[in-house]
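Throughout, a chain's letter reflects where its sequence line sits, starting with A, and its residues are numbered from 1. No hydrogens, no waters, no symmetry mates; every other heavy atom, side chains included, goes into these values.
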Amino acid sequence: MPQLDIRDLHAHYGREPVLQGVSLSAERGEVVGLIGPSGSGKSTLLRALVGLTQPSAGEVLVDDRRIDYRDRASQRWLRERLAIVFQQYNLFQNMTVLRNVTIAPLEIQKRSKAEVEALATTLLDKVGMGHKRDAYPDELSGGQQQRVAIARALALRPEILLLDEVTSALDPERVNEVLDTIRALTREGITMLIVSHEMAFVREVSTRVVMMDHGRVVETGPPAQIFDTPREDRTRQFVSRILRH
Amino acid sequence: MGTLWERLVLEAPEFFNSYNLLFLAEAAARTLGMTAIGCSIGFVAGLALAVLRGSRAATLAPARWLAVLYVETFRRIPFLVILFVVLYAIQPLFPDASLTAIATVAICLLSTAYLSEIVRAGLESVPRQQLEAAEVLNFGPARALFQVVLPQSWRVILPPAVAFAVMFIKDTALASHMGVVELTFAGKIFVERGFSPVLGFGAILVLYFALSWPLSRLGAYLEKRLAPARHP
Ligand SMILES: Nc1ncnc2c1ncn2[C@@H]1O[C@H](COP(=O)(O)OP(=O)(O)OP(=O)(O)O)[C@@H](O)[C@H]1O
Ligand SMILES: [Mg+2]
């Protein structure tokens with residue numbers, strides 16, 4: 001039984017169809033790399049999964065339980081298991097780094113202060129941000145904010161982690177810091193859905209790669225298949241063009 | 001000039017007696033009290049209206065529409081007219097209601113409309129993504145408002161809200177038309193009792209200044225303090 005099962009998901013922005021029947025699944029501990037050209041609907045898929053964009057058709061199952069995105073309780077249940085790191089970090093600007101990481105575990109999940117603060121310290125150290133725990137987001141560089149955002153998501157103890165282009169806003173030197181962080185996570189058995197344009201990275205960390213275009217899944221397969229012997233022309237085109245960069 | 005000066009010197013001991021000073025203090029307190037209570041209640045009600053207008057639930061659509069109607073109407077009626085409408089609406093229902101209370105209700109009604117616009121601009125200044133981040137962390141709407149959005153809106157809300165309150169300290173003078181003994185009315189009473197207008201209204205002027213100056217300074221301070229950073 002897959003931990004995350006997306007079946008024929010559709011979504012629209014106004015009248016424009018953005019997801020046109022996406023199906024994909026992830027087993028527990030699997031790392032699924034999501035690639036595809038700009039505008040193919042990768043971000044929308046992640047947003048739909050966490051309930052920020054209402055799907056217009058299809059279904060999402062987590063641990064075999066169907067999510068009703070119109071129902072508050074069902075959404076809450078989902079968001080207790082699933083965390084997202086946005087492309088633009090979206091740290092709370094009015095809170096320190098530490099507060100950003102601890103507020104939800106403490107006040108929403110009602111976990112103990114001692115446990116949460118110990119975990120937050122560990123996580124911030126792990127992403128190399130321990131020395132900035134009392135800083136505010138606007139005092140940090142983009143890469144630093146990104147790493148705090150990852151710590152914030154992990155502090156929730158999610159079973160599934162969605163990462164949207166977590167390196168695209170970073171300068172090349174910072175990219176490695178963030179990628180190292182994620183690389184370490186892949187060894188911890190969290191199920192991950194990673195949207196990225198860093199093909200070498202996707203190839204390295206993914207157990208499976210999904211190629212999307214125009215709101216549809218074009219091809220799914222192990223990294224070696226997608227990058228070396230793609231079955232679809234569209235995948236070959238995209239991969240060869242982006243690898244040449 | 002000599003005669004005016006002589007007259008002032010002559011009247012001053014009588015003017016500044018303890019009875020008159022108490023009367024002035026009471027009038028000043030009434031002006032300040034009506035403004036403070038009216039603007040505070042107006043702020044809370046304005047916040048509620050602003051949140052309502054920012055909501056997206058379809059079931060709230062009629063309420064949203066009423067909120068817009070309320071705000072747009074009350075911002076277009078002169079304050080004096082609101083005062084008299086409230087007076088004639090309340091008096092038959094509550095014959096014992098004091099004029100000060102009635103005027104305060106009118107101030108609440110008007111400040112709700114203005115402050116809701118100020119608060120709305122503040123809430124809208126916070127990027128949508130902040131709210132989305134709160135939502136996926138399972139924050140409820142109230143928690144997201146009070147812990148994420150509102151704290152980031154103060155820098156946009158406070159300067160114009162304070163300016164509004166300062167302006168209203170002056171506008172409460174209109175309540176003298178319906179007989180509320182606030183500062184302006186107190187000035188008129190002194191003149192009618194035979195004191196020189198220079199003395200009577202001079203004292204009023206000083207008191208208006210004493211009430212609004214600190215508030216203006218506070219507004220300027222907040223503006224400076226909150227402008228650059230988004231955190232406290
Ligand atoms: N808020 C929005 N309103 C209207 N259309 C939108 C909105 N967000 C995205 N779209 C449209 O939806 C489509 C898919 O966008 P999406 O952001 O999911 O693509 P993406 O694969 O994440 O692209 P990128 O690689 O550039 O991040 C695009 O055509 C985009 O123009
Ligand atoms: Mg995107």
Looking at [X], I'd like to know if its [atom1] atom is crowded, meaning that more than 12 non-hydrogen atoms belonging to other residues, nucleotides or ligands lie closer than 6.0 Å.
X	atom1	answer
B:Lys188	NZ	yes
A:Arg183	CZ	yes
A:Tyr13	OH	yes

Would you check if A:Phe92 and B:Leu137 make a side-chain contact, meaning some heavy-atom pair closer than 4.5 Å?
yes
Beyond-backbone contact of B:Gln147 with A:Arg99, side-chain heavy atoms, under 4.5 angstrom:
yes
Counting only non-hydrogen atoms closer than 4.5 Å, does A:Leu78 touch chain B with its backbone (N, CA, C, O), its side chain (CB onward), both, or neither?
neither
Side chain / backbone / both / neither for A:Gln109 at chain B, heavy atoms under 4.5 Å
neither
Would you check if the side chain of B:Asn138 reaches a backbone N or O of A:Arg76 as a donor-acceptor pair within less than 3.5 Å?
yes
To the nearest 0.5 angstrom, please state how far the [atom1] atom of [X] sits from the [atom2] atom of [Y].
X	Y	atom1	atom2	result
A:Leu52	B:Gln129	CG	CD	10.0 Å
B:Arg155	A:Asn94	CZ	CG	11.5 Å
A:Met95	B:Gln152	CE	CD	8.0 Å

Which atom of B:Glu135 lies closest to which atom of A:Arg79, heavy atoms considered
O-NH1, 3.2 Å
